[in-house]
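Letters A, B, ... are given to chains in the order of the sequence lines, protein chains preceding strands, and every chain is numbered from 1.
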Amino acid sequence: MSPPPLDKAAVARILREISLLLQLKGENAFKVRAYDTGADRLLGMTQELGALVREGRLTELPGIGQGLADKIAELVTTGKLGLYEELKAAFPPGLLEMLQLPELGPKKVMALWNELKVGSVADLEKACREGRVRALKGFGARSEAKILEGIALHQRVHGKRKRLGDVLPTVEGLLERLKAAPGVVRVSPAGSVRRRAETVGDVDLLASAPEAGPVLDVLATAPGVAVVLGKGESKCSVRMTEGDLQVDLRVLPDEDFATALHHFTGSKAHHVRLRGLGQDKGYKISEWGVHRADGTKLLIREEADLYKLLGMQDIPPELREDSGEIEAALEGRLPEDLLTLEDVRGAVHSHSTWSDGRNSLEEMARAAQALGFQYLTVTEHSQAAVYAGGLKEEELERQWEEIDRVNEAVPGFRLLKGIEVDILETGALDYRDSVLERLEVVIGSVHIRHGMDEEQMTRRLLSAMDNPCLNIIGHPTGRLIHEREPYPFRMEEVLDRAAERGVVMEVNGSPARLDLKAEHVRQAVQRGVKLVVSVDAHKISDLHHVAFAVATARKGWARKGEVLNTLPADPFIAKLKALRAR
DNA sequence: GCCGTTTTCGGCCCGACTGTTTTCAGTCG
């Protein structure tokens with residue numbers, strides 16, 4: 001059987017892996033970067049990859065020359081690449097995983113491999129514990145301890161739970177196929193995916209159909225399935241190639257769908273409470289449905305009917321964590337106007353080729369419009385973010401000319417002039433106030449000097465919020481799920497100040513960030529702090545991140561009225577200004 | 001490996017921090 005055709009994302013992933021392998025090999029850093037920028041370019045391209053390959057027009061993309069074009073074409077047409085296979089064969093696969101650890105780059109990884117024959121994270125942990133690493137040149141006792149810390153973080157989260165945003169595209173692809181399977185009536189994800197938890201373990205899917213067999217077959221033979229782990233009369237388990245993800249599918253008669261969906265959506269804690277409530281009313285609630293004391297079964301068509309039976313408001317999946325939603329639903333004070341994706345009018349927080357984004361302003365504008373947004377806030381990095389191509393003050397004016405031009409070229413849509421200005425170590429902003437005052441949206445973010453202590457970082461943020469030019473704090477905790485802990489600061493104090501001064505908090509939808517996270521959103525909402533749900537887009541495909549920001553906001557009980565980018569452009573800008581003028 | 005061009009090769013983004021050094025290499029953002 002021929003290998004499945006590779007899409008943009010798959011080719012980009014291979015180019016990135018080649019870049020890592022070349023680094024291990026000690027190749028020229030600029031050559032290495034060429035592979036990375038090539039991957040960037042593929043992910044940012046608006047054209048169809050297959051068409052460009054067929055027409056031999058790959059080199060028209062900036063950053064892709066003849067060399068890369070040939071390799072990409074080989075990958076797309078044959079699914080293989082000689083160079084890639086050679087490189088993979090030259091190093092133990094565990095070295096790539098070691099590279100993901102903080103503090104470890106190619107040089108150190110190769111030293112560990114060459115000197116100690118440490119070729120995996122497990123080997124490395126052992127070597128550190130035995131004190132063998134400190135003997136190496138360039139390493140010491142401190143680095144040994146830091147590596148162990150890094151491994152602990154890595155293992156706590158890696159290999160077990162995966163980021164929602166990394167998993168959801170795979171899940172949605174499978175759902176599409178299952179919807180079209182023979183006899184299928186209803187299909188849904190369940191479990192943590194449906195609750196939109198920030199990370200998920202295994203994926204649970206549910207379908208209803210008169211006959212399970214043909215539906216189970218559709219999953220077992222779906223593209224991307226690496227191995228069928230088990231298949232019975234009503235269940236099928238598979239492992240996907242992508243991300244080593246396990247997917248379980250259950251198929252049952254449609255009359256059982258709602259109660260089963262409810263059961264497998266969880267959370268466990270939410271269920272335990274509901275079962276108790278059911279018992280009080282004389283019902284037994286289980287995986288198999290709702291039964292009266294005499295054993296007769298109630299017909300539950302929809303989940304909402306179940307909540308109604310228990311005398312409470314319908315509880316959306318995102319809120320089912322037993323964190324107060326049951327009491328609220330019983331008392332009828334669950335928010336009816338919880339934020340939805342449809343409420344969002346504008347995309348907030350984006351980068352273009354003016355700083356470290358991959359698409360031009362016009363491409364970003366057209367893509368955002370196609371997704372139904374009315375506006376997009378253009379917020380490039382500021383000058384302190386040198387590594388991200390941050391804009392100097394004087395470059396802004398030239399960018400505004402292009403924004404004006406795009407705004408004329410794309411009718412019915414508006415790019416808003418903004419900046420993601422660095423919050424410097426002192427809490428000062430990276431541009432003069434006279435420049436910031438001329439912008440429509442100012443997001444302030446911490447990008448450098450994460451290593452400050454709680455006291456210093458709290459002061460830094462509070463001090464930044466004292467500047468009336470600042471509208472929004474971007475990714476307020478700086479965490480990267482699976483990669484970096486949040487920097488330490490006193491969240492309550494910062495939220496109190498935000499409420500007092502009219503500073504808005506970002507709910508960043510980038511799958512690695514989700515920052516603020518749901519529990520912080522809830523704290524913010526309780527204090528009356530306003531929010532934006534953002535995309536933090538560096539390329540057009542990132543505009544979809546708004547869905548993750550919305551999910552996070554919902555999990556934090558945010559209502560439509562508390563999220564400013566549910567407003568049209570002019571009221572949005574006016575509200576930002578008005579909040580700071582209080 | 002890409003790009004621009006001086007069409008054949010040199011420049012490509014860099015500053016700060018950390019832990020290791022004793023003057024700096026490696027990593028990170």
Side-chain angles (χ1 to χ4, degrees), chain A residues 12 14-16 18-42 58-75 81 83-84 87 98-112 114-115 128 133-150 153 351 353-356 380-392 395 420-426 430 445-453 456 474-475 478-480 483-487 510 512-513 536 538:
Chain A
I14 290 174
L15 293 183
R16 256 192 236 297
I18 291 176
S19 150
L20 289 173
L21 291 162
L22 289 174
Q23 289 179 58
L24 291 177
K25 205 179 155 195
E27 263 288 1
N28 177 304
F30 297 106
K31 187 189 219 178
V32 167
R33 189 185 304 156
Y35 280 89
D36 271 325
T37 48
D40 281 352
R41 202 56 227 174
L42 287 184
L58 275 173
T59 52
E60 288 175 17
L61 297 172
I64 296 189
Q66 202 53 56
L68 275 178
D70 289 346
K71 293 182 175 81
I72 293 167
E74 195 177 335
L75 277 168
L81 178 62
L83 169 73
Y84 179 49
L87 283 169
M98 282 163 65
L99 274 178
Q100 292 174 17
L101 298 173
E103 320 282 330
L104 282 190
K107 299 281 163 52
K108 295 201 163 169
V109 165
M110 282 314 284
L112 288 162
N114 288 330
E115 308 294 325
C128 285
V133 168
R134 70 183 68 182
L136 282 186
K137 187 173 160 59
F139 293 82
R142 289 291 288 273
S143 23
E144 221 167 43
K146 276 200 145 185
I147 290 172
L148 282 173
E149 266 174 46
L153 173 69
H351 303 270
T353 45
W354 280 85
S355 65
D356 63 346
E380 311 288 1
H381 289 288
S382 64
Q383 51 207 5
V386 183
Y387 57 89
L391 264 58
K392 300 242 185 300
E395 286 175 288
E420 183 183 16
V421 67
D422 258 75
I423 298 174
L424 303 174
E425 193 172 352
T426 56
D430 190 27
S445 301
V446 169
H447 291 112
I448 49 175
R449 298 277 296 150
H450 280 208
M452 298 167 77
D453 66 27
Q456 293 170 322
H475 43 71
R479 69 135 174 202
L480 292 174
E483 290 169 40
R484 188 174 69 206
E485 295 290 343
Y487 39 74
S510 170
R513 292 192 181 274
D536 198 353
H538 289 74

Interatomic distance at [atom1], [N] relative to [M], whole Å:
N: B/dC9; M: B/dC14; atom1: P; value: 25 Å
N: B/dT22; M: B/dG29; atom1: P; value: 28 Å
N: B/dG26; M: B/dT21; atom1: C1'; value: 13 Å
N: B/dT20; M: B/dG11; atom1: P; value: 35 Å
N: B/dC3; M: B/dT8; atom1: C1'; value: 13 Å

Separation of [X] atom [atom1] from [N] atom [atom2], in whole Å?
X: A/Y487; N: B/dG29; atom1: OH; atom2: C1'; answer: 13 Å
X: A/L87; N: B/dG1; atom1: CG; atom2: P; answer: 10 Å
X: A/I448; N: B/dC28; atom1: CD1; atom2: C1'; answer: 12 Å
X: A/L112; N: B/dG26; atom1: CG; atom2: C1'; answer: 13 Å
X: A/R484; N: B/dC28; atom1: CZ; atom2: C1'; answer: 10 Å
X: A/L101; N: B/dG26; atom1: CG; atom2: C1'; answer: 15 Å
X: A/Q23; N: B/dC28; atom1: CD; atom2: C1'; answer: 12 Å
X: A/E485; N: B/dG29; atom1: CD; atom2: C1'; answer: 18 Å

Practice problem: Ignoring backbone atoms, establish whether A/K71 has a side-chain N or O less than 4.0 Å from OP1 or OP2 of B/dG1. | Solution: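 For B/dG1, OP1 or OP2 has a side-chain N or O of A/K71 closer than 4.0 Å.
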With 3.5 Å as the limit, what N/O pairs link the protein to nucleotides 3-10 of chain B?
residue: B/dC3; atom: OP1; partner: A/G63; partner atom: N; Å: 2.7

Each nucleotide N or O in nucleotides 14-25 of chain B that has a protein N or O under 3.5 Å away: list the pair and distance.
residue: B/dG19; atom: OP1; partner: A/R142; partner atom: NH2; Å: 3.3
residue: B/dT20; atom: OP1; partner: A/G140; partner atom: N; Å: 2.6
residue: B/dT20; atom: OP1; partner: A/G140; partner atom: O; Å: 3.4
residue: B/dT20; atom: OP1; partner: A/S143; partner atom: N; Å: 3.3
residue: B/dT20; atom: OP1; partner: A/S143; partner atom: OG; Å: 2.7

Quiz item: So, A/S510 and A/D536: side-chain donor and acceptor under 3.5 Å apart, yes or no?
Solution: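 No, because no side-chain N or O of A/S510 sits under 3.5 Å from a partner of the opposite role on A/D536.
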Quiz item: Do we see a donor-acceptor contact under 3.5 Å between the side chains of A/H475 and A/E420?
Solution: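 The answer is yes; a qualifying pair exists.
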Exercise. Please work out which of the three classes, parallel, tilted or perpendicular, describes the rings of A/H351 and A/H381, given edges at 30° and 60°.
Key: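 Taking A/H351 first and then A/H381, their aromatic rings lie parallel (interplane angle under 30°).
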Self-check item: Position toward the 5' end of DNA chain B (nearest nucleotide), A/Y35 or A/G105
Solution: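 So the residue in question is A/Y35.
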Practice problem: Look only at the side chain of A/E483 and the backbone of A/L480, and say whether a donor-acceptor pair between them is shorter than 3.5 Å. | Solution: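 Such a contact is absent between A/E483 side chain and A/L480 backbone.
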Quiz item: Is a side-chain N or O of A/S382 found less than 3.5 angstrom from the main chain of A/D422, in a donor-acceptor match?
Solution: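 Between the backbone of A/D422 and the side chain of A/S382 there is a qualifying donor-acceptor contact (under 3.5 Å).
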Exercise. Searching all strands shown, indicate the nucleotide that pairs with B/dG11 (Watson-Crick or G-U wobble; both distances under 3.5 Å).
Key: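 Result: B/dC2.
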Self-check item: Residues A/V109, A/L101; criterion side chain to side chain contact (heavy atoms under 4.5 Å, CB included); working and verdict
Solution: CA-CA 10 Å; A/V109 165; A/L101 298 173; over 6 Å; no
Self-check item: Nearest-nucleotide pick for A/F30, side chain only, options being B/dC2, B/dC12, B/dG29
Solution: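 The listed nucleotide nearest to A/F30's side chain is B/dC12.
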Quiz item: Of all the nucleotides listed (B/dC2, B/dT27, B/dC12), which has the minimum atom distance to the side chain of A/L68?
Solution: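 Per side-chain heavy atoms of A/L68, the pick is B/dC2.
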Self-check item: Test side chain to side chain contact (heavy atoms under 4.5 Å, CB included) applied to A/L15 and A/L68, step by step
Solution: CA-CA 9 Å; A/L15 293 183; A/L68 275 178; 4.3 Å; yes
Self-check item: Carboxylate-amine/guanidinium contact A/R16 A/D40, below 4.0 Å
Solution: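 So A/R16 pairs with A/D40 through a salt bridge.
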Quiz item: Does A/R41 have any side-chain hydrogen bond (donor to acceptor under 3.5 Å, both in side chains) partners at least two apart in sequence or in another chain, and if so, which?
Solution: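 Per chain and number, A/R41 pairs via side-chain hydrogen bond (donor to acceptor under 3.5 Å, both in side chains) with no residue.
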Quiz item: Under 4.0 angstrom, heavy atoms only, what part of the nucleic acid is A/R134 near: base, sugar-phosphate, or nothing?
Solution: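 Result for A/R134 = nothing.
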Quiz item: Is there a side-chain contact between A/H450 and A/R484, using heavy atoms and a 4.5 Å cut-off?
Solution: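 Yes, their side chains come closer than 4.5 Å.
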